[in-house]
Amino acid sequence: MLDFVNRRLILPLIARKRGSQHLQFLDYLERTQFDSPELVRARQLGMVKAMLHHAWKTVPFYQQAWAAAGLHPDAVRSLADLQQFPIVTKSDIRTQPDLLLSSAYDREKLRVKTTSGSTGVPLVIRIDEPGVQWKYACTLRADQWSGYRLGQRVAKVWGNPEYRHFGLKGRLSNLLVDRAIYLDTIGLTSERIREFADNLRRHRPGLLFGHAHSLYLLACQLKKAGITDVRPHGIISTAMPLYDWQRTVIESVFGVPATNRYGCEEVSLIACECEQHHGLHITAESVFTEVEPSGHLLITDLTNFAMPLIRYRIGDVVTTTDRVCPCGRGLPLLERVEGRDADFVVTPSGALISGISLTENFALHIPGTAQVQIVQEERTHLRVRMVVDATFNAASRRKLGELVQELFGPTMRYELDIVDNIPQEPSGKYRFCISKVAADHLQELSA
Ligand SMILES: [Zn+2]
């Protein structure tokens, strides 16, 4: 009953008060997902063209790059024609962020997203308000593919709960809108997992949401404790690959299929499984995707007009498919996301820290960091490899020492290697966090 009131009354009221159109967008997207593949692609072509013309008129980065290559947006008559246009890299975003901004927007009014992403390169993305609302609506639509219904309570197994960054307003909004309960993956102990399980039993969330491996660990703990009555309507696994062995345990403990999802801070949701759980539907109303011969995914953001990302190489390797999903949605499918890793690191006292949380802390808080890789060689020893720029100095070194101490405690030793580059895995994937001891520890925890 409370869920219904929340969905039909409280959420629309809050949206109106904030001037947000995301619920109207959601209504539209609920319909367009069932359009034919042909119509979906035709609509994408229109959106790609609009973005190209907008970038050509107002974004210096593309004006320069395309003029130098003798290209003009008028050359694009089909989606395949986009292949002539140059690729945008993380390095472009990092080194020339201002050139990527559209002159049609007031920079001060844009939403700022700071991310280390999955590759350990810190990036700042700016996005206009309608773009934010549109992406939010796309995410809400996909949330409901999991079996969850908008308005139900959400339980999040996560690092750095986002609402905390917005002070009292964030906490209030969490209380009213998400009504979320959190398990922070920074410092994950058996005791904290048990406490969270008690919360789950009490609050009965409609959706369980989190990193694949955190969900798996939670499921293992519940299984061990003989708790079989936590029954969310949906489970969404994100930010890490969801392996079959994890999925099996998660689904057996919670009695509901796990929904695998793929996205990133730069463009938000990219793809998500539907209730068929056979491939991930691309959010075609928000991103247009291409795959390079190497398997690397290129993304053209169709909705962020403030800082257009056109043919952006995100750093993940994927497999696509031409299969049509029996669910009836015309949204194209990704078969698999191959390369995306966020290992855990274990602290000397036995707590787990997720790789994504670590990267955020190191890459975002240490001045002058271009890229970072953390290798845990022993329980009490870290090797920190960093690619740095000219602004890296003594204060940056001090900050690194402070962060290691803060996150791992006083007994963790570390060595800093300043390197020219951090090598990729054979798959083309960069691993930012490699622990040679966490696997054993995880095994113990889940045994
Ligand atoms: Zn489907």
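These figures come from a predicted structure and were not determined experimentally.
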Asker: Can you tell me how far apart CD (Q221) and OH (Y216) are? Round to the nearest 0.5 Å.
Answerer: 11.0 Å
Asker: Counting distance only, does the side-chain N/O of R311 pair as donor-acceptor with the main-chain N or O of Q83 below 3.5 Å?
Answerer: yes
Asker: Do any N or O atoms from the side chain of H203 and from the backbone of I181 form a donor-acceptor pair under 3.5 angstrom?
Answerer: no
Asker: Hey, are the side chains of T238 and N260 touching, using non-hydrogen atoms and a 4.5 Å cut-off?
Answerer: no
Asker: Would you check, one step at a time, whether the test side chain to side chain contact (heavy atoms under 4.5 Å, CB included) holds for W134 with L29?
Answerer: CA-CA 9 Å; W134 186 265; L29 291 163; 3.7 Å; yes
Asker: In this structure, is the centre-to-centre distance between the rings of H22 and Y136 below 6.0 Å?
Answerer: yes
Asker: Given 3.5 Å as the limit, does a donor-acceptor pair link the side chain of E273 with the main chain of L280, or not?
Answerer: no
Asker: Tell me, yes or no, whether the heavy-atom count around R323 atom CZ, taken from other residues, nucleotides or ligands under 6.0 Å, exceeds 12.
Answerer: yes
Asker: Taking the side chain as every heavy atom from C-beta outward, state whether F362 and T369 have any atom pair closer than 4.5 Å.
Answerer: no
Asker: CG of L222 to CZ of R201: how many Å apart, nearest 0.5 Å?
Answerer: 8.5 Å
Asker: Can you see which heavy atom on V249 is nearest to which on C220, and at what distance?
Answerer: CG1-SG, 4.2 Å
Asker: Pair R313, D92 - check salt bridge (Lys or Arg N to Asp or Glu O under 4.0 Å), show working.
Answerer: CA-CA 10 Å; R313 187 187 280 137; D92 292 328; over 6 Å; no
Asker: Is there a donor-acceptor pair under 3.5 Å between the side chain of R126 and the backbone N or O of V112?
Answerer: no
Asker: I'd like to check H233 versus L207 (side-chain heavy atoms, cut-off strictly below 4.5 Å). Are they in contact?
Answerer: no
Asker: Hey, are the side chains of V76 and L45 touching, using non-hydrogen atoms and a 4.5 Å cut-off?
Answerer: yes
Asker: Do we see a donor-acceptor contact under 3.5 Å between the side chains of Q276 and W145?
Answerer: no
Asker: Passes salt bridge (Lys or Arg N to Asp or Glu O under 4.0 Å), E285 versus R141? Steps please.
Answerer: CA-CA 12 Å; E285 300 92 338; R141 176 179 70 179; 2.8 Å; yes
Asker: If we count only N and O atoms by modelled type, under 3.5 Å, do the side chains of D35 and T32 hold a donor and an acceptor together?
Answerer: no
Asker: Taking atom CG of D229 as the centre, report whether more than 12 heavy atoms of other residues, nucleotides or ligands fall under 6.0 Å from it.
Answerer: yes
Asker: Considering all heavy atoms of both residues, which atom of G350 and which atom of R379 are nearest to each other, and what is their separation?
Answerer: CA-NH2, 3.3 Å
Asker: Side-chain donor-acceptor pair under 3.5 Å between T259 and S146, yes or no?
Answerer: no
Asker: Closest approach of K90 and L123, non-hydrogen atoms and distance?
Answerer: O-CD2, 3.5 Å
Asker: Find the distance between OG1 (T89) and CZ (R94) and round it off to the nearest 0.5 Å.
Answerer: 11.5 Å
Asker: Quick one: does V157's side chain get under 4.5 Å of F196's, heavy atoms only?
Answerer: yes
Asker: Do side-chain atoms of Q21 reach the backbone of Q133 as a donor and acceptor pair under 3.5 angstrom?
Answerer: no
Asker: Give the C-alpha distance, both sets of side-chain angles, the deciding distance and a yes or no for side chain to side chain contact (heavy atoms under 4.5 Å, CB included) between L52 and L82.
Answerer: CA-CA 9 Å; L52 287 171; L82 191 60; 3.9 Å; yes
Asker: Are the aromatic rings of W66 and H72 close, with centres under 6.0 Å apart?
Answerer: no
Asker: Would D198 and R194 count as a side chain to side chain contact (heavy atoms under 4.5 Å, CB included) here? Give the steps.
Answerer: CA-CA 6 Å; D198 287 344; R194 266 195 299 275; 5.6 Å; no
Asker: Quick check for you: to the nearest 0.5 Å, what is the distance between T300 atom OG1 and L298 atom CG?
Answerer: 7.5 Å
Asker: Closer than 3.5 angstrom, by distance alone: can the side chain of E30 be matched with the main-chain N or O of D27 as a donor-acceptor pair?
Answerer: no
Asker: Go through it in stages, so that I can follow the logic: the residues are V59 and L101, the test is side chain to side chain contact (heavy atoms under 4.5 Å, CB included), and I'd like the CA-CA distance, side-chain angles, deciding distance and then a yes or no.
Answerer: CA-CA 6 Å; V59 183; L101 289 178; over 6 Å; no
Asker: Minimum heavy-atom separation for Q152 and G206, please, with both atom names.
Answerer: OE1-CA, 3.4 Å
Asker: Judged by atom type as modelled, is there a donor-acceptor pair below 3.5 Å linking the side chain of H281 to the main-chain atoms of L331?
Answerer: yes
Asker: Do we see a donor-acceptor contact under 3.5 Å between the side chains of E335 and T320?
Answerer: no
Asker: Does K223 have more than 12 heavy atoms from other residues, nucleotides or ligands lying within 6.0 Å of its NZ?
Answerer: no
Asker: Side-chain contact test, heavy atoms from C-beta onward, threshold under 4.5 Å: evaluate it for V375 versus L382 and give yes or no.
Answerer: no
Asker: How about CZ on R41, more than 12 heavy atoms from neighbouring residues, nucleotides or ligands closer than 6.0 Å, or not?
Answerer: no
Asker: To the nearest 0.5 Å, how far apart are SG in C433 and CD in Q373?
Answerer: 9.0 Å
Asker: Is there a salt bridge (Lys or Arg N to Asp or Glu O under 4.0 Å) between R149 and D143 once you walk through the steps?
Answerer: CA-CA 8 Å; R149 285 291 158 264; D143 281 349; over 6 Å; no
Asker: Closest heavy-atom contact between Q376 and E378?
Answerer: CG-O, 3.2 Å
Asker: Checking D128 side chain against N304 main chain: does a donor-acceptor pair fall under 3.5 Å?
Answerer: no
Asker: Do the side chains of Y62 and L100 get nearer than 4.5 Å, heavy atoms only?
Answerer: yes
Asker: Got a donor-acceptor contact below 3.5 angstrom from the T283 side chain to the S286 backbone?
Answerer: no
Asker: Under 3.5 Å, is there a donor-acceptor pair between the side chain of Q33 and the main chain of R329?
Answerer: no
Asker: Given side chains that start at C-beta, do those of L200 and L218 come closer than 4.5 Å, heavy atoms only?
Answerer: yes
Asker: Distance check, rounded to the nearest 0.5 Å: T289 atom OG1 versus I299 atom CD1?
Answerer: 7.0 Å
Asker: Looking only at heavy atoms, what is the nearest atom pair of A284 and L302, with distance?
Answerer: O-CD1, 3.4 Å
